[in-house]
Protein chains: 2
Amino acid sequence: MLTLATLANPHRLRVVAVLAGGRKYVSQLAREMGISRALLQVHLKKLEAAGLVSAQMEISPDGKAMKFYEVTPFAVHLTPESIAAVVPEMTGTDTARGRDEKGTV
Amino acid sequence: MLTLATLANPHRLRVVAVLAGGRKYVSQLAREMGISRALLQVHLKKLEAAGLVSAQMEISPDGKAMKFYEVTPFAVHLTPESIAAVVPEMTGTDTARGRDEKGTV
DNA sequence: AGCACATGCAAAGATAAGTTAGCAGGTGCT
DNA sequence: AGCACCTGCTAACTTATCTTTGCATGTGCT
């Protein structure tokens, strides 16, 4: 769920695509993607929260603090069966209320 | 994208899970899941739009019109590479603006 | 000091998505 | 006729998500 919701966004999908080509620091990434740094940061935060990317803070030789991001090598397989296997399917009662983390689907 | 966005919802995930166990008509499904028919219909419509489920309208032996839904046997594989392969990554310009259908990821 | 570049955060505004409530239509059975 | 089922739609509301704007911090170079 978290993974799916996170990937269900054009910007974040692009971030993953770009980072798949190698690590980048946020300002660099923002320029490359043509979006504002603030916006990118929000998306990076979500991607990180979902465990799809990870970051390392580094100090460049000229003293600038730079945060490098890279993709986590994830692999998600979606089929009706895999979903049925993960979703708790208690027939009658309300269940989907207030639950939002699944992490495995 | 469409597929991901559609699956990124607890209700719709549950619908897929339940339908993976066999076809159901909407009122039956609503009861079984403990949600309102109106709500279910909205989600079914989205699932259908994404091609994840399909419907057949049938007339039961006692004359009632019933709409049966069943899952489409889809299979989506998500990895950084598969995403990078699909996402058009024109570096600089604004690209993610206003596009939302992808259909393939 | 002033400029260029790096990070980080949050309030506020704009959009999109989810949900409910209420109405419409139809069939069959008592 | 009245009730129990079935479908379908939408207007209005609530909630979540996305995006912008603006400010604060720090470094190095001229």
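All figures in this text were calculated on a predicted structure; none of them were measured in a lab. By convention in this document, chain letters (A, B, ...) are assigned in the order of the sequence lines, proteins followed by strands, and residues within each chain are numbered from 1.
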Rounded distance in Å - CG (A:Asp62) to P (C:dC5)
12 Å
Find the distance A:Met33:CE to D:dT19:P and express it as a whole number of Å.
10 Å
Between P on D:dT14 and CG on B:Leu39, what's the gap in Å once rounded to a whole number?
17 Å
Presence of salt bridge, B:Glu58 and B:Arg23, under 4.0 angstrom
yes
Taking atom P of C:dT7 as reference, at what distance in whole Å does atom CD1 of A:Ile59 sit?
11 Å
Separation of C:dT7 atom P from A:Lys24 atom NZ, nearest Å, is 14 Å
Note, B:Gln56 side chain near B:Ser54 side chain (heavy atom, < 4.5 Å):
yes
If you compare every side-chain N and O of B:His43 against the phosphate oxygens of C:dA17 (OP1, OP2), does one of them come in below 4.0 Å?
no
If I take atom CG in residue A:Asn9 and atom P in nucleotide D:dA16, what distance separates them, rounded to the nearest angstrom?
18 Å
State plainly whether one hydrophobic cluster holds both A:Val18 and A:Val26, where clusters connect Ile, Leu, Val, Met, Phe, Trp and Tyr through side-chain heavy atoms under 4.5 angstrom apart.
yes
Summarise how protein sits on nucleotides 4-11 of chain D as a single string, 5' to 3': B when a protein heavy atom is under 4.0 Å from the base, S for sugar-phosphate-only contact, - for no contact.
-BSBBB--
Please verify the inter-ring angle class for A:His77 with B:His77; under 30° counts as parallel, over 60° as perpendicular, anything in between as tilted.
parallel
In whole angstroms, how far is the C1' atom of C:dG8 from the CG atom of A:Leu40?
13 Å
Name all residues meeting the side-chain contact (heavy atoms from CB on, under 4.5 Å) criterion together with B:Ala55; count only those two or more places apart in sequence or in a different chain, and write none if there are none.
B:Glu48, B:Lys67, B:Tyr69
Nearest whole angstrom, please: distance from the P of D:dG26 to the CD of A:Glu58.
21 Å
Pair listing, ring-ring contact (aromatic ring centres under 6.0 Å, His included) test, anchored in residues 28-58 of chain A, at least two apart
A:His11-A:His43
